[in-house]
Amino acid sequence: MVNQEYYNLGTAPSVIRQLFAYGLEQAAKVGADKVYDYSLGNPSIPAPKKVNESIKKIVDEMDSIKLHGYSMAAGFDTARAAVAKDLANRFGLDVKASELFFTCGAAPALISIIKALIVDADSEIMAVAPFFPEYRPFVNANGGKLVVVPADTKAFQIHLDEVEKRITKNTQGIIINSPNNPSGVVYTEETLKGLAALLERKSAEYGHPIYIIADEPYRELVYGGVKVPFIPCLYKNTIVCYSYSKSLSLPGERIGYVYVPGFADDADAVYAAIAGAARIMGHVCPPTLMQKVIEYCAEERPDLVAYDENRNLLYNSLREMGYECAKPDGAFYLFVKAPNGDANAFSEKAKLDHNLLVVPADGFGCPGYFRLSYCVANDMIQRSLPAFKAMIESYK
Ligand code: PLP
């Protein structure tokens, strides 16, 4: 006998993975140049040079036993200090190394935070559609309830009145992901200030803090000078979840962190509960080598020229053809309205007729749209344009 909930999760098909596997099969049959795969959010720009240089330096210079050894559960003090210094310099907060907890990427960071905030079977965590599909199992399989705020399909900001309607005495937190996967939208300071004011009012009404869980793996991926507000500067009860998967193109290296600002309500208890949650998941002391790399590369930023070119090419071309898209200021996704509102049918037809692989957004809590990951080669985008054109024409 096995745990039925985990069995179901382990056997549930992932639309994204299925599309990706289909693309590989088709590439072997018809040639990779005739498959247009926009399914996965796997970075396509190399990690900054300093990352590989640091790896070489660390491997050459660090004592081999220490290099391959455990760190402290929360990570090396020196690595945490480097990140704290960078955050403090950029956002003007007095960030301390002791407020950071290194994790194996954003996923375990998020799960640790969610576990820490779920106090009983009534605990609710909100997510704003469209959202990263894993939020659902992360909350539900940890004994909480995911409460979905419907999408604002005009601007893909946050419908504050819809948030307000859903806040109850059991609301423990709201997950905010900006720049957003899958919309590519960056929440404005105005939106976030509005949310902060609402949460402050509701926290006072219910007599306990409602935390913002800021899921920020795309923080550094923004274009055209758009600013991503640092949410702890706007709302004290923010817990930040960060990853280097996308910003330094290191998804396979599994490195990120949680930041619990010391000025948040019950900060010490929240931090300790996150540490405890990480402990029972066996997710403590992330790879020593990667922590050391981050120590050297905390101030590194990605070179976004290639993503920006892809974004402009895809967005402008699709708009010209008549597609409706959310304004993509960040991350590496374009969120497109299916021409007749049926994104599943669009995705299936695009796949079968053109080997054009797009992800229908039902799993992201926003049916009727599909997601394109444009972290791909620019020439693939060029080659795929006739397929997009043929698809929209076929709906006329
Ligand atoms: N949160 C969002 C919004 C994501 O898009 C992803 C990955 O795609 C994650 C979290 C998980 O990232 P990581 O690779 O750091 O676990």
Side-chain angles (χ1 to χ4, degrees), residues 14-17 19-20 38-45 47 51 75 83 100-115 125-139 142 146 148-149 151 156 158 173-187 212-222 228 231 239-259 274 277-278 281-283 286-287 290-291 293-294 302 307 326 328-335 359 361 363-366 371-376:
S14 148
V15 179
I16 298 177
R17 292 277 156 195
L19 283 168
F20 180 65
Y38 288 98
S39 63
L40 280 188
N42 215 356
S44 60
I45 56 172
V51 168
V83 174
L100 295 165
F101 189 93
F102 266 97
T103 61
C104 297
L110 265 171
I111 301 171
S112 304
I113 299 168
I114 288 167
K115 273 183 173 301
I125 304 283
M126 285 186 159
V128 182
F131 57 84
F132 182 51
E134 296 302 281
Y135 294 164
R136 208 177 278 286
F138 288 176
V139 174
N142 282 303
L146 185 80
V148 174
V149 180
F156 288 94
I158 304 175
I174 175 165
I175 308 173
I176 296 298
N177 168 226
S178 172
N180 184 264
N181 173 12
S183 74
V185 165
V186 175
Y187 294 144
I212 287 182
I213 303 162
D215 180 22
E216 304 198 325
Y218 303 97
R219 188 200 296 143
E220 269 59 68
L221 273 57
V222 269
V228 181
I231 305 180
I239 309 169
V240 175
C241 160
Y242 188 79
S243 164
Y244 294 92
S245 292
K246 320 286 174 168
S247 60
L248 294 186
S249 294
L250 296 174
E253 305 298 354
R254 313 309 302 137
I255 190 78
Y257 61 80
V258 174
Y259 163 48
I274 289 168
M281 287 194 294
H283 261 298
M290 280 306 126
Q291 289 190 50
V293 168
I294 298 308
Y307 289 157
D329 284 326
F332 39 49
Y333 305 108
L334 191 63
F335 205 50
V359 180
F364 297 98
C366 196
R371 185 191 79 171
L372 304 176
S373 296
Y374 59 78
C375 42
V376 293

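When a ligand or atom number is given, it counts from 1 through the structure's own listing order. Side chains are part of it too, since the values below use all heavy atoms of this structure and drop only hydrogens, waters and symmetry mates.
- For R136, the side chain to side chain contact (heavy atoms under 4.5 Å, CB included) test picks out F131, N140, L146, V148, with sequence neighbours left out.
- Residues S183 and F364 have side chains not in contact (no heavy-atom distance under 4.5 Å, counting atoms from C-beta outward).
- The backbone N or O of P43 sits nowhere less than 3.5 Å from a side-chain atom of S249 that would complete a donor-acceptor pair.
- Sorted by chain then number, the residues whose non-hydrogen atoms approach ligand 1 to under 4.0 Å are G105, A106, A107, F132, Y135, N177, N181, D215, P217, Y218, S243, S245, K246, R254.
- Between the S39 side chain and the L19 main chain, no donor and acceptor come within less than 3.5 Å of each other.
- In this structure Y307 satisfies the ring pair (Phe, Tyr, Trp, His ring centres under 6.0 Å) test together with F332, sequence neighbours excluded.
- For the side chain to side chain contact (heavy atoms under 4.5 Å, CB included) test, residues two or more places apart in sequence or in another chain that qualify with S112 are I274, A277, A278, M281.
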